[in-house]
Protein chains: 2
Amino acid sequence: MPVDESPARPPTLNEVAARAGVSLKTASRALNGEPYVSGATERRVRQAADELGYRLNGLARELRTGGTSALVGLISGDLANPFYSAVASGAERELRRHGLLLITVNNDEDSALESSLLSALVERRVRALLVIPSSGGSPIAVGAKAHNVPFVFVDRPPVGLAADSVLIDNAGGARAAAEHLLAGGHRRIALVADLVRTASQQARISAFGAAMRAAGNPDWEPYVRTDVHDAATATRVVGELLALPEPPTALFTTNNQLTIGALRALRGHRHPPALVGFDDFELADVVGVTVVAHDMVELGRAAARLAQERIAGYAGPPRTVVIPTTLIPRGSGER
Amino acid sequence: MPVDESPARPPTLNEVAARAGVSLKTASRALNGEPYVSGATERRVRQAADELGYRLNGLARELRTGGTSALVGLISGDLANPFYSAVASGAERELRRHGLLLITVNNDEDSALESSLLSALVERRVRALLVIPSSGGSPIAVGAKAHNVPFVFVDRPPVGLAADSVLIDNAGGARAAAEHLLAGGHRRIALVADLVRTASQQARISAFGAAMRAAGNPDWEPYVRTDVHDAATATRVVGELLALPEPPTALFTTNNQLTIGALRALRGHRHPPALVGFDDFELADVVGVTVVAHDMVELGRAAARLAQERIAGYAGPPRTVVIPTTLIPRGSGER
DNA sequence: CTGAAAGCGCTAACAC
DNA sequence: GTGTTAGCGCTTTCAG
């Protein structure tokens, strides 16, 4: 039966050893299940530990065993965005399988903050870092090499730097969306995109444009709207597009937030334009939105896997995993 | 200009001191911006640190300064669920203001796993723990007292144990939903609820029942369905309810996942029953779903605040913060 | 202003 | 099987 009231300072291994009447090292061996400890001794030590409410000090152990922790960091945007939280979910699951813990920090889409968070995590001696950078050219990419920590870039590869990355097939997905709308007979197709400075947005935008050019359709060009960064702005921008004298007959939104914003603008419209969105989202099936879907949880899982392999010692050249996309027709893209 | 290729072992403060030609302690003072260091010395040390690519070892510092980290743990269900990720988002933001980092772990709704994760976090000497327990009576509540770490319970208070908690006004919200539907003239009102073993579900269910009794309406009783734990099951259960010879004319779903599942079942129904859902969710406005809304991000923020105050030394009695709810009529609850 | 010594709690070597 | 000694990288005494 536990006796002590929770003390101000947690008990140390030394105290456990003293109580069990053995040496420090023997206590250590017993609690770590190492061989060469007699059963009786082990039992005595365990009991002493229980009585004292002893908990191993992971900090001390990690310092001693090499100065690295069992922690992996994830630097991303706000977890309230389902894209980031899906990645976090997949990463956490995979890491847990290897006894690693995930620290999540929010860069607030600000690269200065991102750098300082990076420092904080490196100081804590995380074993690896998963990063969804606030921008492709962000200082984080530069810092990555300097810190002696494996980096895995998610969704947005660093510019001018080979590194482990997990990417979505942005070009393929955007092309599929473009071709789907073109096949539906559309010509005046609006493109509503997020911050152009991120590599993933760039890839989507340029692949979309390429598909239009390949089809010999220049009519989309007046309807490009970029750097639309949240749902509310998307609602406004789409509203403006629809109010044009010659409004677009179709819409391609390049991420889930923009698609949702667009939906708000389309509500109650008698003849809404066709809509295809990049990223699947909850309720897209109920609302009937055609999307370019991909497995966001798998994105996180794959990133964690690459990180884990680096931790386990893989020292080969950087690898890139590409997550495929699928166009799911649900009505909005087929009208 | 940095010279070294990233070395296998990160440089230590000792090496920085040697390079700068000062003692260990002086280097420490210089880098920590302590007073009583001459400007010239400080500059020399900083330069040496830069050249070596020196990064403070947070593990060692924390061990020396008291064996606690700057980490706060959050044990919850899968972050892919927007409820949990919203809480994580709010908590992370608030903690960051105080220089604390958030470690998120997923209990997979399994209390055995939850206990082991708890141990892992305590061993890492987290400064506080935010917990959304997998169940009210889970062992975590018992363990909480034993560990010498501040606990904050989110959404689900422990049974038989006073502890810092942040709760949603479950009873008030459920009552509002019930009264709203009753005021609409409904009598045969179905209740679709999640796992009864969680305190929050219990509160919602019993307040709903109490409101029905208060209104003298027993007609809801045949339509109670509990322990519906995911959207897919909710879809099936609601489908079954609607197929009854005398189907309910209204539906109350007790969390976001169940509401979404219900929506799938209602799709394409000519005369869908009225629907009120607990928890707001993305696109609820577009789909026109009446909900009992509350600020989930604030839930996390409030929890982090309580934790931070404990860390800062507050030693008073446990406190409970209740987050209010608002019923937002959007159409589905008014038909 | 600067330095030497001690030690946070633990584990790795090497005795016994 | 068990104990002793050292030391992970840092900060905290306490002397200069």
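Chain A is the first sequence line, chain B the second, and so forth, proteins listed ahead of strands; every chain is numbered from 1.
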Lys/Arg-Asp/Glu bridge criterion (N-O < 4.0 Å) met for A:Glu309, A:Arg319
yes
Output yes when A:Glu42 and A:Arg46 qualify as a salt bridge under the 4.0 Å nitrogen-oxygen rule, no when they do not.
yes
With a cut-off of under 6.0 Å to the ring centre and 45° to the axis, is A:Arg19 in cation-pi contact with A:Tyr54?
no
Please walk me through it: do B:Val131 and B:Asn107 pass side chain to side chain contact (heavy atoms under 4.5 Å, CB included)?
CA-CA 10 Å; B:Val131 195; B:Asn107 61 21; over 6 Å; no
If only side-chain N and O atoms of B:Thr26 are considered, is one of them under 4.0 Å from the OP1 or OP2 phosphate oxygen of C:dT2?
no
Derivation and outcome, side chain to side chain contact (heavy atoms under 4.5 Å, CB included), residues B:Tyr84 and B:Asp155
CA-CA 10 Å; B:Tyr84 298 126; B:Asp155 186 44; over 6 Å; no
Is it true that A:Glu92 and A:Arg96 make a salt bridge, defined as a side-chain N closer than 4.0 Å to a carboxylate O?
yes
B/S/- contact track for nucleotides 6-16 of chain C, protein heavy atom under 4.0 Å:
BBBBBBBB---
Tell me which residues in residues 36-46 of chain B lie within less than 4.0 Å of DNA chain D, going by non-hydrogen atoms.
none
Report the distance from atom OG1 of A:Thr104 to atom CG of A:Leu79, rounding to the nearest 0.5 Å.
5.0 Å
To the closest 0.5 Å, what do you measure between CG (A:Leu130) and CD (A:Glu94)?
11.0 Å
